[in-house]
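Keep in mind it's a predicted model, so treat the numbers as computed, not measured. The analysis underlying the following values was restricted to heavy atoms, covering all of them including side chains, and did not include hydrogens, waters or symmetry mates.
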Amino acid sequence: MSRTVLTVVGARPQFIKASPVSHALLAHGGFREILVHTGQHFDAAMSDIFFEELDIPPPKHNLEVNSLGHGAMTGRMLEKLEEVMIAEKPDWVLIYGDTNSTVAGALAAAKLHIPVAHVEAGLRSFNRRMPEEINRVVADHLSTLLFCPTQTAVDNLKDEGITKGVHHVGDVMYDVTLAAVERAKGRSRILENHDLSPKTYAVATIHRAENTDDPARFAKVMQWLSDRAKEMPIVMPVHPRTRKLMEKSGLTPKGVRLIDPLGYLDMAWLTHNSAGVFTDSGGLQKEAYFHRVPCVTLRDETEWVETIEAGWNRLWRKDAYAPRRDILEYGNGKSSGRIAELLAA
């Protein structure tokens with residue numbers, strides 16, 4: 001008997017995380033997947049080539065909910081997702097990460113008594129000022145199956161009284177990264193296009209609200225990047241919101257090469273060949289480790305504490321890395337297959 005899985009995503013990183021799970025569901029058999037894009041992040045880069053790079057079909061439903069405040073956005077998504085779920089009658093609603101789309105998918109499904117499965121469950125920064133932290137906590141407490149990337153995530157859930165349905169499956173982004181590097185070899189021309197040699201440059205990205213919404217903090221981040229650029233060339237694919245802020249504030253990192261946002265394979269290849277990563281992105285911190293590239297996180301805390309403990313990552317206000325080791329709990333690149341097995345059980 002076929003099971004219908006309704007996958008809710010709202011941002012480019014969530015499509016990337018969903019791609020190996022979609023492939024695993026197809027390979028496992030017995031699943032019908034319906035992809036729903038809430039429209040939370042309107043991203044011009046999500047064209048046909050984006051889905052071709054991930055080898056997944058475009059979403060069946062695009063709810064086109066964006067450019068609203070947190071409450072209005074989540075409420076509108078909740079309303080529209082409920083309509084889709086009633087029409088499609090899924091056996092599972094599958095959610096990813098910590099966006100407004102994540103919590104809206106969890107709420108809509110829970111109110112319709114549809115079981116929820118959460119990929120990247122149990123992550124905590126313990127900073128309730130971050131909207132992502134609220135989304136994580138609510139989504140986890142509404143989920144039936146909780147797919148944790150690390151043992152720390154399992155422990156976090158246990159501390160909150162959640163033990164049933166919790167599974168340490170490893171990290172699906174490791175699955176994605178391994179596949180992306182193989183696909184990018186011979187296809188990506190990003191190094192040639194920007195006259196870059198492997199291991200001679202660093203990659204930077206800035207987009208988190210905690211950095212962009214505070215003018216004084218944004219100025220400090222820009223200065224930090226300017227100082228690092230004196231030591232090593234830095235290439236920075238710039239998020240449109242960050243570029244607009246740079247233009248409005250007149251603050252740009254001196255000596256940093258600003259480029260347009262990249263497709264997934266180009267970004268993976270640029271990171272894979274870099275000598276360092278400077279970012280406030282949760283996803284890119286982890287991907288840096290998967291590429292075995294040291295990272296500096298431009299935040300005061302991180303939900304990926306394993307990368308700090310294993311010496312591959314450090315916070316920007318800290319001066320030194322811990323001794324370096326591999327992070328075995330992220331798995332072996334086959335986390336998506338485990339998720340498919342658990343959904344089929």
Determine the minimum heavy-atom distance between [X] and [Y], stating which atoms define it.
{"X": "Arg12", "Y": "Gly263", "result": "NH2-C, 3.2 Å"}
{"X": "Arg217", "Y": "Arg299", "result": "NH2-CA, 3.5 Å"}
{"X": "Cys295", "Y": "Ala288", "result": "CB-CB, 3.9 Å"}
{"X": "Pro261", "Y": "Pro237", "result": "CA-CB, 4.3 Å"}
{"X": "Tyr201", "Y": "Trp269", "result": "OH-O, 4.3 Å"}
{"X": "Ala268", "Y": "Ala180", "result": "CB-CB, 4.0 Å"}

[X] side chain vs [Y] backbone, donor-acceptor pair below 3.5 Å:
{"X": "Asp91", "Y": "Arg3", "value": "no"}
{"X": "Ser188", "Y": "Ala184", "value": "no"}
{"X": "Asp326", "Y": "Leu328", "value": "no"}
{"X": "Thr242", "Y": "Val238", "value": "no"}
{"X": "Arg189", "Y": "Asn193", "value": "no"}
{"X": "His291", "Y": "Val293", "value": "no"}
{"X": "Thr74", "Y": "Gly71", "value": "no"}
{"X": "Arg208", "Y": "Asp280", "value": "yes"}
{"X": "Gln285", "Y": "Ser281", "value": "yes"}
{"X": "His28", "Y": "His23", "value": "no"}

Hydrophobic cluster identity match, [X] and [Y], side-chain contacts under 4.5 Å:
{"X": "Leu26", "Y": "Leu35", "result": "no"}
{"X": "Ile234", "Y": "Leu251", "result": "yes"}
{"X": "Leu123", "Y": "Val169", "result": "yes"}
{"X": "Ile339", "Y": "Val176", "result": "yes"}
{"X": "Val172", "Y": "Phe15", "result": "yes"}

With a 4.0 Å cut-off on N to O distance, would you call [X] and [Y] a salt bridge?
{"X": "Asp266", "Y": "Arg187", "value": "no"}
{"X": "Arg183", "Y": "Glu53", "value": "no"}
{"X": "Glu82", "Y": "Lys111", "value": "no"}
{"X": "Glu88", "Y": "Arg32", "value": "yes"}

**Message:** Quick check on the 6.0 Å ring-centre criterion: do Trp224 and Phe278 meet it?
**Reply:** yes
**Request:** Walk me through it: do Thr144 and His118 pass the test side chain to side chain contact (heavy atoms under 4.5 Å, CB included)?
**Result:** CA-CA 8 Å; Thr144 301; His118 186 195; over 6 Å; no
Just by distance, with hydrogens left out, do [X] and [Y] show a side-chain donor and acceptor under 3.5 Å apart?
{"X": "Glu303", "Y": "Ser125", "answer": "no"}
{"X": "Ser101", "Y": "Gln40", "answer": "yes"}
{"X": "Thr302", "Y": "Thr297", "answer": "no"}
{"X": "Asn66", "Y": "His41", "answer": "no"}

**Message:** Both conditions, 6.0 Å and 45 degrees, for the charged tip of Arg324 above the ring of Tyr321: are they met here?
**Reply:**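 Judged by the rule (NZ or CZ under 6.0 Å from the ring centre, within 45° of its axis), Arg324 counts as positioned above Tyr321.
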**Asked** Just checking, Arg292 and Tyr289: is the charged tip under 6.0 Å from the six-membered ring centre and within 45° of the axis?
**Response**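 Because its charged atom sits under 6.0 Å from the ring centre and within 45° of the axis, Arg292 does stack over Tyr289.
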**Item:** Derivation of the side chain to side chain contact (heavy atoms under 4.5 Å, CB included) call for Met77 and Leu63
**Value:** CA-CA 8 Å; Met77 288 177 184; Leu63 308 184; 5.5 Å; no
**Prompt:** Tell me the side-chain hydrogen bond (donor to acceptor under 3.5 Å, both in side chains) pairs involving residues 243-264, sequence neighbours left out?
**Reply:** none
**Fill in**
In short, side-chain hydrogen bond (donor to acceptor under 3.5 Å, both in side chains) pairs touching residues 147-174 with sequence neighbours left out are Arg124-Glu160, His141-Glu160, Thr150-Glu306, Gln151-Asp155, Thr152-Glu306, Asp171-Lys286
**Message:** Run Lys60 and His37 through side chain to side chain contact (heavy atoms under 4.5 Å, CB included) and show every step you take.
**Reply:** CA-CA 8 Å; Lys60 180 179 179 181; His37 180 17; over 6 Å; no
**Sole candidate of Asp98, Thr102, Thr99 that passes side-chain hydrogen bond (donor to acceptor under 3.5 Å, both in side chains) when paired with Arg136** = Asp98
Distance in Å, [X] [atom1] paired with [Y] [atom2], rounded so as to fall on 0.5 Å steps:
{"X": "Leu107", "Y": "Leu81", "atom1": "CG", "atom2": "CG", "result": "10.0 Å"}
{"X": "Glu287", "Y": "Thr279", "atom1": "CD", "atom2": "OG1", "result": "9.5 Å"}
{"X": "Leu245", "Y": "Arg241", "atom1": "CG", "atom2": "CZ", "result": "8.5 Å"}

**Request:** Could you tell me whether the side chain of Met236 reaches within less than 4.5 Å of the side chain of Ile259, counting heavy atoms only?
**Result:**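 Of all side-chain heavy-atom pairs linking Met236 with Ile259, none is under 4.5 Å.
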